[in-house]
Asker: 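Supplied in C-alpha cells, the structure appears directly below.
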Amino acid sequence: MNQTDPDSIDELSAALQQCGYYADRRLATAVFLALRLQRPLLLEGEPGVGKTELAKALAEVLARQLLRLQCYDGLELREALYEWNYSAQLLHMRAAEGHAQAEQIEREVYQERYLIHRPLLQALQAPAPGAVLLIDEVDRADEPFEAFLLEYLGEYQVSIPELGTVRAEVAPVTILTSNRTRELNDAVKRRCLYHWLDYPERERELAIVRAQVPQAPAELTRQVAEFVSRVRGASYAGSFQRMPGIAESVEWARALVALDTLNLDPEVVTDTAGILFKQREDVAALTRDLAAELLAPAPTE
Ligand SMILES: Nc1ncnc2c1ncn2[C@@H]1O[C@H](COP(=O)(O)OP(=O)(O)OP(=O)(O)O)[C@@H](O)[C@H]1O
Ligand SMILES: [Mg+2]
C-alpha cells in the first residue's frame, strides 16, 4: 500500500476510468484487495476482454512503472529473470589477463554491472513507489516456469548464486493473466487473488466504445453495443465458435465510421464480419438472414 494508492473501491474505479479503463464493481474490488493485501491478482478470461489493458491502466493510476513479461512455451529464466552479459565479461577478462589473479578476475566478472536485468528482477529492484508487474498469458509458459513463480510470488525474492538473494524493497503490484489454454498449478493459484473477467454488460461496453471512438455517431455506437451483446447472448451460443471481445467492438465501430455508416443493416454487418469474427466458420455463419434477425428491434433472446 502506497500513500498515493486509492483509498476506496470507488476511488479506484474512478481513477481507472480516467485512464480510459472501465471496470465493474467486482473487478474493482478484486484490484483494490490485491493492492491492500499485497497479493498477486490472477485474471482469467476470454481473449480481448481487457486483461492486459487493466495492468496498463493500473500502472498509470498508481504512477508506477509497468514491467511486462510476455510468456510463451519455452520461456527461460534468462529471459524472465536475469542473465550474465557474457560478452562484456569476456572483454573484462581479456583486459585483466596478465594483470590479475584468476580468482580476482572471477570475482570481478560476477558483479551486478555484468548482470542483464530482465522484467522479474527489474520488478524487485524498481525504486519507490515500485512497479506494476504484468506476467501476461502465464498459461503459455511451461510447468518448470510456474514452479519458479511459486517462490517468486510467495516471497518476492530470488537468489542469484554468484551474488546472493535479491529481495523486493517494495513488493511489485503483480497481475497475472491467462486465457486458460491450460489449467494453472493449484499452488500458483493459491498465492493469488482470482478474478474471472467476463464480457462486459451492454452499458459498460457502450461506455468503452463511446470513449474510444468518440467520432462515431451516438446511435451507431448504441447499435454496435446492442448487436455485439446479442451475438454473445445465450440464444446464439451455438451459432459461433468464438465471440467478439471488447477489442473487436471498438475496431468494428472504427471501421463503420470509416465507411460512413450511420445505421447498421444486414449488408454492412456481413460485409464487415471479418472485424467481429476471426474464424472463417464464424464469418460464414453470420449470414444476412442471421444479421437481420440480430438487428431486429425486439430483443430475440
Ligand atoms: N474495461 C475496459 N475498458 C476500456 N477498454 C477496454 C476494456 N477492456 C478491453 N478494452 C479494450 O479492448 C482492447 C483489448 O483488451 P486487452 O488486450 O486487454 O484484452 P486481453 O483480455 O488481454 O486479450 P488477450 O487474451 O487476447 O490478450 C484494449 O486495447 C482496450 O482498447
Ligand atoms: Mg492480453
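Counting starts at 1 for both ligands and their atoms, following the listed order.
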Asker: Could you tell me whether Glu219 atom CD has more than 12 heavy atoms of other residues or ligands within 6.0 Å of it?
Answerer: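 More than 12 within 6.0 Å, yes.
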
Asker: Is Ile246 in polar range of ligand 1, meaning some N or O pair under 3.5 Å apart?
Answerer: no

Asker: Among all the protein's non-hydrogen atoms, which is closest to atom 22 (O) of ligand 1, and how far away is it?
Answerer: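 For atom 22 (O) of ligand 1, the nearest protein heavy atom is Thr52 OG1, 2.8 Å.
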
Asker: Against heavy atoms of Gly50, which atoms of ligand 1 measure under 4.0 Å?
Answerer: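 Here the atoms of ligand 1 in question are 8 (N), 9 (C), 15 (O), 16 (P), 18 (O), 19 (O), 20 (P), 21 (O).
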
Asker: So Glu146 and Arg182, salt bridge (Lys or Arg N to Asp or Glu O under 4.0 Å) or not? Walk me through it.
Answerer: CA-CA 12 Å; Glu146 245 184 281; Arg182 70 177 173 84; 2.6 Å; yes

Asker: Tally of protein N/O/S atoms under 2.8 Å from the Mg ion (ligand 2)?
Answerer: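 Every protein N, O or S atom under 2.8 Å from the Mg ion (ligand 2) counted, the figure is 1.
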
Asker: More than 12 foreign heavy atoms under 6.0 Å from CD of Gln279: is that the case here?
Answerer: yes

Asker: Indicate the atoms forming the closest heavy-atom contact of Arg78 with Glu83, along with that distance.
Answerer: CB-CB, 3.6 Å

Asker: May I ask you to identify the nearest protein heavy atom to atom 28 (C) of ligand 1, giving residue, atom name and distance to one decimal place in Å?
Answerer: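 It is Glu53 OE1, 3.5 Å.
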
Asker: Take every heavy atom of Gly48, measure it against each atom of ligand 1, and state whether any distance is under 4.0 Å.
Answerer: yes

Asker: Taking the six-membered ring for Trp, are Phe277 and Phe240 parallel (under 30°), tilted (30 to 60°) or perpendicular (over 60°)?
Answerer: parallel

Asker: Would you check whether Ile208 reaches within less than 4.0 Å of ligand 1, judged by its heavy atoms?
Answerer: yes

Asker: Give a yes or no on whether Leu295 and Leu206 share a hydrophobic cluster (residues Ile, Leu, Val, Met, Phe, Trp, Tyr; joining criterion: side-chain heavy atoms under 4.5 Å apart).
Answerer: no

Asker: Is it true that, when you exclude Gln111 itself, more than 12 heavy atoms of the residues, nucleotides or ligands shown sit nearer than 6.0 Å to its CD?
Answerer: yes

Asker: Hey, what do you get for CZ (Arg190) to CG (Leu150), rounding to the nearest 0.5 Å?
Answerer: 8.5 Å

Asker: Is the CZ atom of Arg26 crowded by more than 12 outside heavy atoms at less than 6.0 Å?
Answerer: no

Asker: In terms of residue, atom name and distance, what is the protein heavy atom nearest to atom 1 (N) of ligand 1?
Answerer: Tyr22 O, 2.7 Å

Asker: Which residue, Leu43, Leu193, Ile175, Leu41, forms the side chain to side chain contact (heavy atoms under 4.5 Å, CB included) with Val31?
Answerer: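 Passing option: Leu41.
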
Asker: Closer than 4.0 Å to some heavy atom of Arg204 - which atoms of ligand 1 meet that?
Answerer: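 Under 4.0 Å from Arg204, ligand 1 has these atoms: 1 (N).
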
Asker: Using non-hydrogen atoms of the residue, decide whether Lys56 is closer than 4.0 angstrom to ligand 1.
Answerer: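 Contact check Lys56 vs ligand 1: negative.
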
Asker: Nearest protein heavy-atom contact for atom 4 (C) of ligand 1: which residue, which atom, what distance?
Answerer: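 Atom 4 (C) of ligand 1 sits closest to the protein heavy atom Gly20 O, 3.1 Å.
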
Asker: For the pair Phe145 and Phe148, name the ring-plane relationship: parallel under 30°, tilted 30 to 60°, perpendicular over 60°.
Answerer: tilted

Asker: Taking CD in Gln101 as the centre, count heavy atoms belonging to other residues, nucleotides or ligands within less than 6.0 Å. Is the count above 12?
Answerer: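 No, not enclosed.
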
Asker: Going by salt bridge (Lys or Arg N to Asp or Glu O under 4.0 Å), name the residues that satisfy it together with Glu151, two or more places apart in sequence or in a different chain.
Answerer: none

Asker: Is the OH atom of Tyr86 crowded by more than 12 outside heavy atoms at less than 6.0 Å?
Answerer: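 At most 12 heavy atoms, drawn from other residues, nucleotides or ligands, come within 6.0 Å of this atom.
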
Asker: If you have a sec, work out which protein heavy atom is nearest atom 14 (C) of ligand 1 and how many Å separate them, to one decimal?
Answerer: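 For atom 14 (C) of ligand 1, the nearest protein heavy atom comes out as Ala247 CB, 3.6 Å.
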
Asker: Just to check, does Gly45 reach to within less than 4.0 Å of ligand 1 when the distance is taken from its heavy atoms?
Answerer: no

Asker: Is there a heavy atom of Thr177 sitting under 4.0 angstrom from any atom of ligand 1?
Answerer: no

Asker: Would you mind running through ligand 1 and noting each atom that sits below 4.0 Å from a heavy atom of Glu137?
Answerer: 27 (O)

Asker: Can you list the ligand 1 atoms lying under 4.0 Å from a non-hydrogen atom of Asn179?
Answerer: 25 (O)

Asker: In terms of residue, atom name and distance, what is the protein heavy atom nearest to atom 5 (N) of ligand 1?
Answerer: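 Its nearest protein heavy-atom neighbour is Gln212 NE2, 3.0 Å.
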
